[in-house]
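Data block below; observations after.
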Amino acid sequence: MYSEKVLDHFKNPRNVGEIEDADGVGTVGNPVCGDMMSIYIKVKDDRIDDVKFKTFGCGAAIATTSMTTELAKGKTLDEAMKITRQDVADELGGLPPVKMHCSNLAADALHEAVKDYRKKKGEA
Ligand code: FES
């Protein structure tokens, strides 16, 4: 079953939406189920100043992305790149094994958003 934290983030996801003038955007799809998500970041002084997400996916994907955005906010870009799928799942108090693949998307999308920012800045 789902932990209280997963249910909380599913019912009240944090940082939902889109940043119109985002500095970086990461969009990934889950090959297992076909769900998709995008993470938008605003960067200031090499830190994630703001972050929002849109998830077209299951409840576990929504909860993990919500948690990922919470973990990412205020972090440096290097720190954000080190947030792993496992970190997100652990932070949520675990996910049912059958739903672990759903947690893959969030960390990947965050990393893609950072890469996108760095590419636009000519740093990558
Ligand atoms: Fe697709 Fe969970 S079933 S992300």
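Each ligand, and each atom within it, is numbered from 1 in the order the structure gives. Everything quoted here is computed from the prediction, not taken from an experiment.
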Exercise. Locate the shortest heavy-atom distance separating Arg14 from Phe53; write the atom from each residue and the value.
Key: O-CE2, 3.0 Å
Quiz item: Listed by chain and number, what are the salt bridge (charged side-chain N to carboxylate O under 4.0 Å, His left out) partners of Asp45, not counting sequence neighbours?
Solution: none
Quiz item: Of all residues at least two apart in sequence or in a different chain, which pass the salt bridge (charged side-chain N to carboxylate O under 4.0 Å, His left out) check with Asp87?
Solution: none
Quiz item: Under 2.8 Å from atom 1 (Fe) of ligand 1, how many protein N, O or S atoms can be found?
Solution: 2
Quiz item: Does a salt bridge link Asp78 with Arg118, judged by any charged N lying under 4.0 Å from a carboxylate O?
Solution: yes
Quiz item: Does a side-chain N-to-carboxylate-O contact under 4.0 Å join Asp49 and Lys42?
Solution: no
Practice problem: Show which residues join Val32 in its hydrophobic cluster (side-chain heavy-atom contacts under 4.5 Å, direct or indirect), or state none. | Solution: none
